[in-house]
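Only a predicted model underlies this, so the values are computations on that prediction, with no experimental measurement involved. We name chains A, B, ... by the order of the sequence lines, and we start the count at 1 in each one.
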Amino acid sequence: MGAPVQAGTLAPMTEIAQKDRLEKLEKLRAEGPPPFPSRGVLATPTAELVEKGGTAEAPGPLIGETVTVAGRMRDLRDFGKLIFTWLNDKSGRIQVGLQKNRLAEWWPKRKLFDSGDLVAFTGELGHTQKGELTIWATEVTMQAKALAPPPEKWHGLADVEQRYRRRYVDLWASEGVREVFEARSKTLSLTRRFFEERGFLEVETPTLHPIAGGATARPFVTHHNALDSDLYLRIAPELYLKRLIVGGLERVFEISRNFRNEGLSTRHNPEFTMLELYQAQADYTHMMEHTEELVQHLATELHGTTEVEFRGERYDLRAPFQRKTYAELFREHNGCEIEDEAAVRARATELKISSEVQELGYWRLAGEVFEATVEEHLTGPVFVTDYPLPICPLAKESPENPGYAERFELFLAGMELANAFTELNDPADQMARFEEQVASKDPETPGEVDVDYVQALEYGMPPTGGLGIGIDRLVMILTNQDSIRDVLLFPTLRQKPAE
RNA sequence: GGGCGCAUAGCUCAGUUGGCAGAGCAACUGGCUUUUAACCAGUAGGUCCCAGGUUCGAGCCCUGGUGCGCUCACCA
């Protein structure tokens, strides 16, 4: 005997609106079957049944066999002594036919079962007169009574806020959502295999950093009580991974969540996933090869082709990608040389670039002009190479092109996907660049020098190439999703006020 | 943070010039053994996001707020 549902024990929406389902719950508790049994069943994925069921004209090997499926029941079509419904599971769905003459015991209980309930069915696999593969149920088990009703059946959840806030509904009620996250999972697993096969070791470095380094971004701050010290959520794993290169691990990568206390947009989430990779005896040209080969490999594995569609445009992800220098692109889109300070300053004024940025120094300013004028035109995929050295505090200067760093970023659809360089391994040079950063007025640079990192370099880091790839953005492109929120299961949202 | 837009039944959405709060789906009752967005007949369901204001009268107009989306700024 189940106790009646007490007021205040369920979500307010359910208590107000779902009296019918709550009454059914009472009945299930009093008379059975139990609404929330403890044990699951051994079920066959519906996709396997569809595959081995065949068509009415060409029946498959499982036709006539007794099978069991489990999942969410949706969309009942009641004919009086016959009910059709869909049973949805992770792999797909299959029709179930419920007939009075096969279910004598269950039949009087049928009204206690609703669309949205989690149910297991056992029965004989066959086809209907119209040729639909169907399980003719002889056994029906409630697995969990749904007290909240499913969304409207053919629009699903359309309100994007509801989709993000209640992803646990969106995943089965909106078409294509589960597939995006399956593709995301596959992307991660293929990426791991790709680099493992190239001799890389997957490592885990700290999320809590005493100094927020390795990138320029405002960090989240937290506090450790026992140590009585502030810590920062990592903005990048870079400096730890390079310590491991000093440690002799030679090839390492990490797929980590990074945290940046900055704005949200269709391309930015405060926590996001980054692949970072470091390889001894390599430079940025090797990183370009890894990048284009990985991207091509992922597209081919996921789609069987290197052609993908994103935001209505087609892109060919076949390697090798185009390569263009930063200075060359700057000239193309601004009509002046990046080193022509007077002309570039005039451009910045024209573009209404804020005076605060102007104070951060010439090369930061030129960088702003580049971002404002060039990036949106980079449909790509294209590697932008050879960035001005002053905006690359962790990269090595190009021996052929003094004043510029051996660095590239990969752009696609105007979006930065990857960032890589030949790593700076001269400790004195690194120290000088850190000190310059600390002295700058930029609120996003670290407040103190990471002396321990310089110390690590003093033990000697071999020539090394490093690469970072934004996994969320890569998944956006591979799954044709316009917003980063659509490739994050639970994107960051403003907290809902208490109801 | 700025601009633009949206917020109405569990879900998807209408709502005219300011004049009784609407539809489809879901739910409930009845009918139906081959549907697949089943069908037929009926019933019930509302803090019109919140708080003020204007008005005889506000879902609609005004002010402020909240949430969400897009966009700009920000994000090397």
TODO: Evaluate the ring planes of A/F383 and A/F321, with Trp represented by its six-membered ring, and classify them as parallel (under 30°), tilted (30 to 60°) or perpendicular (over 60°).
DONE: tilted
TODO: State whether A/K145 and A/D114 are salt-bridged, where the test is any N-O pair (Lys NZ or Arg NE/NH1/NH2 against Asp/Glu carboxylate O) under 4.0 Å.
DONE: yes
Counting the atoms with a prime plus P, OP1 and OP2 as sugar-phosphate, which does [X] contact under 4.0 Å by heavy atoms, base, sugar-phosphate, or nothing?
X: A/Q99; answer: base
X: A/D114; answer: sugar-phosphate
X: A/D78; answer: base
X: A/S265; answer: nothing

Identify which nucleotide among [options] has an atom closest to any side-chain atom of [X], counting heavy atoms from C-beta outward.
X: A/W136; options: B/U34, B/C74, B/C28; result: B/U34
X: A/Y164; options: B/U36, B/G69, B/G10; result: B/G69
X: A/T266; options: B/G67, B/A76, B/U71; result: B/U71
X: A/R260; options: B/G10, B/C74, B/A76; result: B/A76
X: A/R218; options: B/U34, B/A76, B/C74; result: B/C74
X: A/F79; options: B/C11, B/A38, B/G69; result: B/A38
X: A/K24; options: B/C28, B/A76, B/U33; result: B/C28
X: A/P393; options: B/C68, B/A76, B/A38; result: B/A76
X: A/D75; options: B/A38, B/G10, B/C74; result: B/A38

- [ ] Compute whether any side-chain donor of one residue and acceptor of the other, for A/Y164 and A/D486, lie under 3.5 angstrom apart.
- [x] yes
Task: Separation of the C1' atoms in B/C50 and B/G59, to the nearest angstrom - done: 14 Å
Open item on the list: In whole Å, measure the gap between the C1' atoms of B/C25 and B/G5 for me.
Closed with: 27 Å
For [X] and [N], is the shortest distance between a side-chain N/O and OP1 or OP2 below 4.0 Å?
X: A/K111; N: B/C28; answer: no
X: A/R165; N: B/C68; answer: yes
X: A/R485; N: B/G69; answer: yes

TODO: Assess the pair A/Y387 and A/Y326: is the distance between their ring centroids shorter than 6.0 Å?
DONE: yes
Task: Partner nucleotide of B/C68 by Watson-Crick or wobble geometry (both distances under 3.5 Å) - done: B/G5
TODO: Please assess A/R163 against A/V177 for the test side chain to side chain contact (heavy atoms under 4.5 Å, CB included), listing each intermediate value before the final yes or no.
DONE: CA-CA 10 Å; A/R163 291 192 42 226; A/V177 174; 3.8 Å; yes
